Amino acid sequence: MIIFSLVLSTFMLSIILILLMTMFSKKTKNWREKSTPFECGFNFFNPAKMPFSMRFFLIAILFIIFDVEIALILPFMISIFFTSLKTWISISYTLLMVILLGTIIEWKENSFEWKI
């Protein structure tokens with residue numbers, strides 16, 4: 001019974017402390033910007049038509065594609081113990097050829113060069 005009352009009193013004390021801290025830590029100023037909409041990280045006061053670099057978008061897509069391919073390569077080190085060597089080599093070779101072919105195609109299109 002003593003343990004229960006100790007736990008209950010600690011719980012109640014922590015609730016009171018949390019309530020007091022939230023009441024005293026609030027900012028009381030109501031700024032004009034607090035009532036304006038804020039969506040997706042874009043500032044409401046900036047002009048609506050901001051230039052967007054298409055090169056940046058393409059580099060980001062390339063990064064995501066190659067990042068996923070690297071994430072597919074990593075489990076191959078563990079899977080060598082669970083599959084036959086012939087199967088493991090053929091799957092690894094196929095995946096590496098797809099990555100190499102994609103890299104060569106992107107290199108030929110000059111997608112890796114940043115143009116301002």
Side-chain angles (χ1 to χ4, degrees):
M1 188 69 178
I2 293 174
I3 295 174
F4 178 72
S5 64
L6 182 65
V7 169
L8 185 63
S9 63
T10 306
F11 183 70
M12 293 302 263
L13 183 64
S14 64
I15 288 176
I16 291 170
L17 275 171
I18 289 172
L19 288 175
L20 286 174
M21 287 169 54
T22 55
M23 285 191 327
F24 290 120
S25 68
K26 288 184 181 178
K27 293 181 180 180
T28 56
K29 289 183 179 181
N30 286 330
W31 293 351
R32 181 182 66 148
E33 293 179 7
K34 281 189 176 182
S35 61
T36 60
F38 185 77
E39 298 180 22
C40 302
F42 294 105
N43 195 354
F44 180 71
F45 297 109
N46 287 344
K49 294 195 175 203
M50 295 176 61
F52 183 75
S53 173
M54 196 57 137
R55 293 300 280 177
F56 175 76
F57 180 73
L58 290 174
I59 296 275
I61 295 296
L62 285 174
F63 173 75
I64 290 173
I65 290 171
F66 286 114
D67 193 38
V68 168
E69 289 173 349
I70 295 298
L72 290 174
I73 288 174
L74 291 176
F76 278 128
M77 299 307 136
I78 298 171
S79 68
I80 193 169
F81 300 115
F82 303 111
T83 59
S84 67
L85 188 61
K86 186 176 181 180
T87 306
W88 188 83
I89 290 175
S90 65
I91 291 173
S92 299
Y93 182 74
T94 304
L95 183 62
L96 288 175
M97 284 297 111
V98 167
I99 292 172
L100 184 64
L101 183 66
T103 306
I104 291 171
I105 289 171
E106 295 299 330
W107 193 291
K108 293 288 183 183
E109 292 179 357
N110 292 330
S111 296
F112 293 126
E113 293 182 16
W114 186 265
K115 295 177 185 174
I116 298 175

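Worth knowing before you read on, the calculation uses all heavy atoms, side chains too, and leaves out hydrogens, waters and symmetry mates. Please read all numbers here as calculations on a predicted model, not as lab measurements.
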Could you go through residues 12-21 and list every donor-acceptor pair under 3.5 Å that involves a side-chain atom there, pairing it with any protein atom two or more places apart or in another chain?
| from | atom 1 | to | atom 2 | distance (Å) |
| --- | --- | --- | --- | --- |
| Ser14 | OG | Thr10 | O | 3.3 |
| Ser14 | OG | Phe11 | O | 2.7 |

Study note, to complete from the structure: Hits for side-chain contact (heavy atoms from CB on, under 4.5 Å) against Ile89, two or more places apart or cross-chain, chain-then-number order -> Leu85

Extract all donor-acceptor atom pairs below 3.5 Å that involve side chains of residues 92-99 and protein atoms in other chains or at least two apart in sequence.
| from | atom 1 | to | atom 2 | distance (Å) |
| --- | --- | --- | --- | --- |
| Ser92 | OG | Trp88 | O | 2.8 |
| Thr94 | OG1 | Ser90 | O | 2.7 |

Check your understanding: Who passes side chain to side chain donor-acceptor pair (under 3.5 Å) against Ser84, sequence neighbours left out?
Key -> Thr87

Study note, to complete from the structure: Across all chains, not counting sequence neighbours, the side-chain contact (heavy atoms from CB on, under 4.5 Å) partners of Ile2 are none

Practice item. Identify, with sequence neighbours excluded, every residue that meets side-chain contact (heavy atoms from CB on, under 4.5 Å) alongside Ile78. Key: Phe82

